[in-house]
There are 2 protein chains.
Amino acid sequence: MVDNQSAADILNHMVLDRSPKLDRVFHALAHPARRAILRSLADREANLSELAAPLKMSFPAASKHVKVLERARLVHRRIVGRSHLCRVEGKALEEASQWLESYRRHWERNFLRLDALLDQMKAQERDTPQTPLKSEGDS
Amino acid sequence: MVDNQSAADILNHMVLDRSPKLDRVFHALAHPARRAILRSLADREANLSELAAPLKMSFPAASKHVKVLERARLVHRRIVGRSHLCRVEGKALEEASQWLESYRRHWERNFLRLDALLDQMKAQERDTPQTPLKSEGDS
DNA sequence: AAAATCTGAAACCACATGGTTGACAATCAA
DNA sequence: TTGATTGTCAACCATGTGGTTTCAGATTTT
């Protein structure tokens, strides 16, 4: 059941941090028009016309942006009559937020640790100035 | 000083939620290879070769990905000798995380409010099924 | 029934993105 | 000096993205 190809796929998957879900969410958030749409939907449902109106682009363009948000599961569409009502879907956003927050916290801990380490190294250098401590002259 | 063009630009800016910084950060996070690079840099500094090694792509391709992370201010590069040492830069990440978290919290509050509202509507609809309620609060 | 409205789909275009290869510069090690 | 390591740059290519216009379908309104 596990041939070479799929084994390579698994490795690739692991090392490459593949997550099509995160791909789609972050890509969706990377465009100002789509963030504007999310902002429009922050408080109330809205149909496509209402969403497209403030955007300075054609209707089909705005519609495509909404589709991108839908693919990322950031927006859900409910068709009632000829009106397509959109609302925010929180789950995907929460996952992206968790990914970001976990990394941020990890790096924050590291920064604290590194700062302490650097302080320690500087203090030690004042005592025994032997090794020139190469990381001093960065930007 | 404020002609029509720049006034339109300002409006566009406001309604479109423009933030090239967020554009760059989210776009940088939207590719699995770049998230993998960030993961490699989670604990230690690394030079480009070390970053490129686990990625299944050519060296220049990996180098481009690092450049994207640099443009987004997610990674900082320090050149020592022929080695380009990269480390994570926390500030841009923190801003993106704050943006996401603020929206997530806002929507979370709204979901609670909406859930209550929907329950209320369902109960009311069982009593008097009249209008399907298109959008009560139109701007 | 007829007209207006809301939306989707398709065709098209300009440009960005993600990948390759090959040549080249700089640095370190022998 | 020779050679290996590290990384950049330019050219090129395939595909994706973001925008337009045009046409057609479904739905509401008159």
Please give me the minimum heavy-atom distance between Ala46(B) and Leu51(B), naming the atom from each residue.
CB-CD2, 4.0 Å

What closest approach, in Å, do Leu41(B) and Val75(B) show between heavy atoms, and which atom pair accounts for it?
CD1-CG2, 3.8 Å

What's the [atom1]-[atom2] distance between [X] and [N], to the nearest Å?
{"X": "His84(A)", "N": "dG25(D)", "atom1": "NE2", "atom2": "C1'", "result": "11 Å"}
{"X": "Leu85(B)", "N": "dT6(D)", "atom1": "CG", "atom2": "C1'", "result": "12 Å"}
{"X": "Leu48(A)", "N": "dA26(D)", "atom1": "CG", "atom2": "P", "result": "17 Å"}
{"X": "Leu55(B)", "N": "dG7(D)", "atom1": "CG", "atom2": "P", "result": "14 Å"}
{"X": "Lys64(B)", "N": "dT8(D)", "atom1": "NZ", "atom2": "P", "result": "12 Å"}
{"X": "Arg24(A)", "N": "dT17(D)", "atom1": "CZ", "atom2": "P", "result": "12 Å"}

Who pairs with Ala53(A) by side-chain contact (heavy atoms from CB on, under 4.5 Å), at least two apart in sequence or on another chain?
none

Could you tell me whether Ser49(B) contacts a base, only the sugar-phosphate backbone, or nothing, with contacts defined as non-hydrogen atoms closer than 4.0 Å?
sugar-phosphate

If you only use heavy atoms from C-beta on, which nucleotide in [options] is closest to the side chain of [X]?
{"X": "Ala61(B)", "options": "dG18(D), dT20(C), dG7(D)", "result": "dT20(C)"}
{"X": "Arg34(A)", "options": "dG18(D), dA11(D), dG7(D)", "result": "dG18(D)"}
{"X": "Met57(A)", "options": "dT20(D), dT21(C), dT7(C)", "result": "dT20(D)"}
{"X": "His65(B)", "options": "dT8(D), dG19(D), dG18(C)", "result": "dG18(C)"}

Distance check: side-chain N/O of [X] vs OP1/OP2 of [N], anything under 4.0 Å?
{"X": "Ser83(B)", "N": "dT6(D)", "answer": "no"}
{"X": "His31(A)", "N": "dG19(D)", "answer": "yes"}
{"X": "Lys67(B)", "N": "dC9(D)", "answer": "yes"}
{"X": "Arg82(B)", "N": "dA29(C)", "answer": "no"}

Atom pairs and distances, side-chain donor-acceptor, residues 91-98 of chain B, under 3.5 Å, sequence neighbours left out:
{"from": "Ser97(B)", "atom 1": "OG", "to": "Glu101(A)", "atom 2": "OE2", "distance (Å)": "2.4"}

Let me know, please, whether Gly81(A) or Ser58(A) comes out on the 5' side of the other along DNA chain D by nearest nucleotide.
Ser58(A)

Want to settle it: does Pro60(A) or His27(A) sit nearer the 5' end of DNA chain D, counting the closest nucleotide to each?
His27(A)

Spatial distance of atom CE (Met57(A)) from atom OG (Ser63(A)) [nearest 0.5 Å]
11.5 Å

Looking at the rings of His31(A) and His65(A), which for Trp means the six-membered one, are their centres under 6.0 Å apart?
yes

Based on Watson-Crick and G-U pairs with both distances under 3.5 Å, what dot-bracket line describes DNA chain C 5' to 3', crossing pairs as [ ] and inter-strand pairs as |?
||||||||||||||||||||||||||||||

Judged by each residue's nearest nucleotide on DNA chain C, which is more toward the 5′ side, Phe59(B) or Asn47(A)?
Asn47(A)

Does one hydrophobic cluster hold both Leu38(B) and Leu100(B), with members joined at side-chain heavy-atom distances below 4.5 Å?
yes

Begin with the C-alpha distance, continue with both residues' side-chain angles, and end with the deciding distance and a verdict on side chain to side chain contact (heavy atoms under 4.5 Å, CB included) for His27(A) and Val68(A).
CA-CA 9 Å; His27(A) 171 251; Val68(A) 171; 4.1 Å; yes

